[in-house]
Amino acid sequence: MPQPVFIIAAYDENGIPNAMASTWGGIRNENEISICSSSERKKLKNIMLHGAFTVSMSDASFLEACDYLGNETGNEVPNKFAKTGLKATKSKYVNAPIIEESTLVIECELTEIVRGNHIRAIVGKMVNVAVDESVLNERGKIDAKKTGMLFFDSFSYSYFTLRDKFGDDWN
């Protein structure tokens, strides 16, 4: 099934931003996010080291960077994040980088690592959600369509964005 493309970012042991694109995650409860990761990923080690990470929602302008961040590993490519051309700023709320170009960033404190055979689920408490005003609707709520959020379909290995809205919200 198509899943949102998240860019998960954390600092490495030298304070240099490291990031990875992932499509295996989502909101857990009202204030937690869970992301699956291979147990060998540098990103996982960095998150465990600093106890914090950010999750940026990707839009079509991130397509090339997402593909690169999802296919290369920080264990083999030094300073992988810098090679994307994206810029990072330190979060005010957690010890992790915010991708400046992202219109929607969730800032998280690590709360738990759930261990599987070769996979780890990284669980974080959402401490802050940084949103660019350009993606808000007239009521000040996030308009998913305005975010241009990318989705990845693992069946066809293709990227998509949201299209039509069907129905109205409950409020």
Side-chain angles (χ1 to χ4, degrees), residues 3-29 31-132 135 142 147-152 154 157 159:
Q3 295 285 317
V5 179
F6 300 137
I7 298 179
I8 299 94
Y11 289 118
D12 72 7
E13 64 278 1
N14 299 311
I16 296 171
N18 175 259
M20 179 190 154
S22 177
T23 58
W24 297 101
I27 303 297
R28 179 181 132 163
N29 301 325
N31 65 347
E32 290 182 322
I33 193 163
S34 177
I35 308 288
C36 291
S37 173
S38 163
S39 58
E40 301 303 317
R41 290 287 191 172
K42 183 173 182 177
K43 170 197 58 167
L44 177 63
K45 295 170 191 166
N46 292 337
I47 291 170
M48 291 172 64
L49 177 67
H50 294 288
F53 60 99
T54 60
V55 178
S56 296
M57 301 303 155
S58 306
D59 64 25
S61 70
F62 284 70
L63 183 59
E64 192 173 318
C66 287
D67 227 28
Y68 180 77
L69 291 170
N71 288 304
E72 293 297 334
T73 173
N75 289 322
E76 296 174 11
V77 179
N79 211 359
K80 176 175 93 166
F81 180 80
K83 293 179 181 180
T84 66
L86 297 172
K87 296 176 186 76
T89 302
K90 186 176 182 336
S91 164
K92 294 177 189 174
Y93 299 94
V94 298
N95 186 19
I98 288 179
I99 297 174
E100 292 179 18
E101 295 86 350
S102 183
T103 57
L104 178 59
V105 181
I106 303 169
E107 300 164 72
C108 304
E109 291 176 348
L110 177 66
T111 58
E112 181 180 12
I113 301 285
V114 180
R115 299 179 186 278
N117 288 338
H118 302 287
I119 299 291
R120 304 292 184 260
I122 303 161
V123 180
K125 176 184 173 190
M126 293 186 276
V127 175
N128 187 54
V129 178
V131 181
D132 188 278
V135 300
I142 296 170
T147 67
M149 193 181 313
L150 278 179
F151 292 83
F152 183 75
S154 59
Y157 288 90
Y159 292 94

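Positions are given from 1, in the same order as the sequence printed here.
Residues Ile122 and Ile8 are not in side-chain contact: their nearest non-hydrogen atoms beyond the backbone lie 4.5 Å or more apart. Counting heavy atoms from C-beta outward, Cys108 and Ile33 have side chains that approach closer than 4.5 Å. Side-chain atoms of Glu107 and Val55, non-hydrogen and from C-beta on, never get closer than 4.5 Å to each other. With a 4.5 Å cut-off on side-chain heavy atoms, Tyr93 and Glu109 do not count as touching. Put simply, the side chain of Asn95 reaches to within 4.5 Å of the side chain of Tyr11, judged on heavy atoms.
In this structure, the salt bridge (charged side-chain N to carboxylate O under 4.0 Å, His left out) partners of Glu112, at least two apart in sequence or on a different chain, are Arg28. Applying the side-chain hydrogen bond (donor to acceptor under 3.5 Å, both in side chains) test to Asn14 and every residue at least two apart in sequence or in another chain returns nothing.
The closest donor-acceptor contact from the side chain of Thr147 to the backbone of Val135 lies at 3.5 Å or more, if one exists at all.
To the nearest 0.5 Å, the span separating CD on Glu13 from NE2 on His50 amounts to 7.5 Å. One finds the CD atom of Glu32 at 5.0 Å from the OG1 atom of Thr111 (value rounded to the nearest 0.5 Å). Interatomic distance, Asn29 CG to Lys125 NZ, rounded to the nearest 0.5 Å: 12.5 Å. Between the OH atom in Tyr159 and the CG atom in Asp59 there is a gap of 13.0 Å [rounded to 0.5 Å]. Note: Leu110 CG to Phe53 CZ = 6.5 Å, rounded to the nearest 0.5 Å. Atoms CD1 and CE, on Ile142 and Met149 in that order, are 8.0 Å from each other to the nearest 0.5 Å.
Between Leu150 and Ala60, the shortest heavy-atom contact is CG-N, 4.0 Å. Contact detail for Asn79 and Pro17: the closest heavy-atom pair is OD1-O, 4.5 Å.
Within 6.0 Å of CZ on Phe151 lie more than 12 heavy atoms contributed by other residues, nucleotides or ligands.
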Tabulate below the donor-acceptor pairs under 3.5 Å that side-chain atoms of residues 96-106 make, not counting sequence neighbours, or state none.
residue: Glu100; atom: OE2; partner: Thr89; partner atom: OG1; Å: 2.6
residue: Glu101; atom: OE1; partner: Lys87; partner atom: N; Å: 3.2
residue: Glu101; atom: OE2; partner: Lys87; partner atom: N; Å: 3.1
residue: Ser102; atom: OG; partner: Met57; partner atom: O; Å: 3.2
residue: Ser102; atom: OG; partner: Leu104; partner atom: N; Å: 3.4
residue: Ser102; atom: OG; partner: Leu104; partner atom: O; Å: 3.0

